[in-house]
Amino acid sequence: MRKIIVSAAAAALLASGSVAFAAVKHTTGTVKTFDATAMSLVLDNGSSFTLPSTFKDPGLKVGEKVRISWDTSGKNKIAESVKIVK
């Protein structure tokens, strides 16, 4: 009985640890469309991102190369930051 409890506790700890270490992903690409009203950004490779309400436009234009730090919420990619790359 003791081994089962210890095993279950170890499994729970490992499962919760993987969520805690979920890393933000990064993508680099060229802006295909940017809609500040709809808070959306699409790259030339087809990747689509939703921008947060706190997003401050760094001067994005179609054709601009950007680096996006993002995470997922359900099936949506949520951009945490968008930086213009030179």
Side-chain angles (χ1 to χ4, degrees):
M1 179 72 166
R2 201 178 226 177
K3 288 182 182 180
I4 293 173
I5 293 172
V6 171
S7 296
L13 181 62
L14 289 174
S16 66
S18 64
V19 173
F21 294 112
V24 172
K25 298 155 198 80
H26 302 280
T27 300
T28 303
T30 304
V31 176
K32 181 177 180 181
T33 64
F34 168 60
D35 188 338
T37 305
M39 300 302 283
S40 67
L41 175 68
V42 178
L43 299 181
D44 60 345
N45 66 5
S47 297
S48 177
F49 300 90
T50 301
L51 303 169
S53 59
T54 58
F55 178 74
K56 294 187 178 162
D57 181 7
L60 294 178
K61 297 180 278 186
V62 172
E64 194 90 58
K65 187 171 181 181
V66 294
R67 181 168 193 238
I68 302 173
S69 299
W70 59 276
D71 205 350
T72 55
S73 176
K75 293 183 179 182
N76 298 321
K77 294 178 183 176
I78 309 298
E80 294 184 359
S81 72
V82 179
K83 295 182 181 175
I84 297 172
V85 179
K86 302 250 175 186

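Please read these numbers as outputs of a predicted model, since none were measured by experiment. The chain is numbered in sequence order, starting from 1.
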S.K.: Which heavy atom in Thr33 sits nearest to a heavy atom in Val62, and how many Å separate them?
M.R.: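 Heavy-atom minimum between the residues: CA-CG2, 4.5 Å.
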S.K.: At their closest point, which heavy atom of Val85 faces which heavy atom of Val66, and how far apart are they?
M.R.: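 Shortest heavy-atom contact: CG2-C, 3.7 Å.
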S.K.: About how many Å separate OG1 of Thr50 and CD1 of Ile78, when rounded to the nearest 0.5 Å?
M.R.: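 Reported value, rounded in 0.5 Å steps: 4.5 Å.
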S.K.: How far apart are the closest heavy atoms of Val42 and Ser48, and which atoms are they?
M.R.: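 Looking at all heavy atoms of both residues, the closest pair is CG2-OG, 4.0 Å.
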S.K.: Do side-chain atoms of Asn45 reach the backbone of Ser47 as a donor and acceptor pair under 3.5 angstrom?
M.R.: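 Here the side-chain-to-backbone pair exists.
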S.K.: Are Leu60 and Ile84 close enough that some pair of their side-chain heavy atoms sits under 4.5 Å apart?
M.R.: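 Heavy-atom side-chain distance check passes, below 4.5 Å.
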S.K.: For the NZ atom of Lys86 and the CD atom of Glu64, what is their distance to the nearest 0.5 Å?
M.R.: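 Going from NZ on Lys86 over to CD on Glu64, the span is 7.0 Å.
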S.K.: Working to the nearest 0.5 angstrom, can you tell me the gap between His26 NE2 and Ile68 CD1?
M.R.: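 Separation between the atoms: 11.5 Å.
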S.K.: Of all heavy-atom pairs between Trp70 and Val24, which one has the smallest distance, and what is that distance?
M.R.: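 Between these two residues, the closest heavy atoms are O-CG1, 3.3 Å.
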S.K.: Please examine the side chains of Asp57 and Phe34, heavy atoms only from C-beta on, and report whether any two atoms are closer than 4.5 Å.
M.R.: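 Yes, side chains in contact.
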S.K.: About how many Å separate CG of Asp71 and CG of Asn76, when rounded to the nearest 0.5 Å?
M.R.: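 So the CG of Asn76 and the CG of Asp71 are separated by 11.5 Å.
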S.K.: A quick test of your reading: do over 12 heavy atoms of other residues, nucleotides or ligands sit less than 6.0 Å from NZ of Lys83?
M.R.: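 No, because the 6.0 Å sphere around NZ of Lys83 holds 12 heavy atoms or fewer from other groups.
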S.K.: How close do Ala79 and Pro52 get, heavy atom to heavy atom, and via which atoms?
M.R.: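 The pair with the smallest heavy-atom distance is O-CD, 3.0 Å.
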S.K.: Mind running side-chain contact (heavy atoms from CB on, under 4.5 Å) on Val82 and Phe49 for me, showing each step along the way?
M.R.: CA-CA 10 Å; Val82 179; Phe49 300 90; over 6 Å; no
S.K.: Do Lys65 and Thr28 have side chains that get closer than 4.5 Å, going by heavy atoms?
M.R.: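 In short, these two side chains touch, coming nearer than 4.5 Å.
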S.K.: Counting neighbours of NZ on Lys32 that are heavy atoms of other residues, nucleotides or ligands and sit closer than 6.0 Å, is the number greater than 12?
M.R.: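 No, the 6.0 Å shell around NZ holds no more than 12 heavy atoms from other groups.
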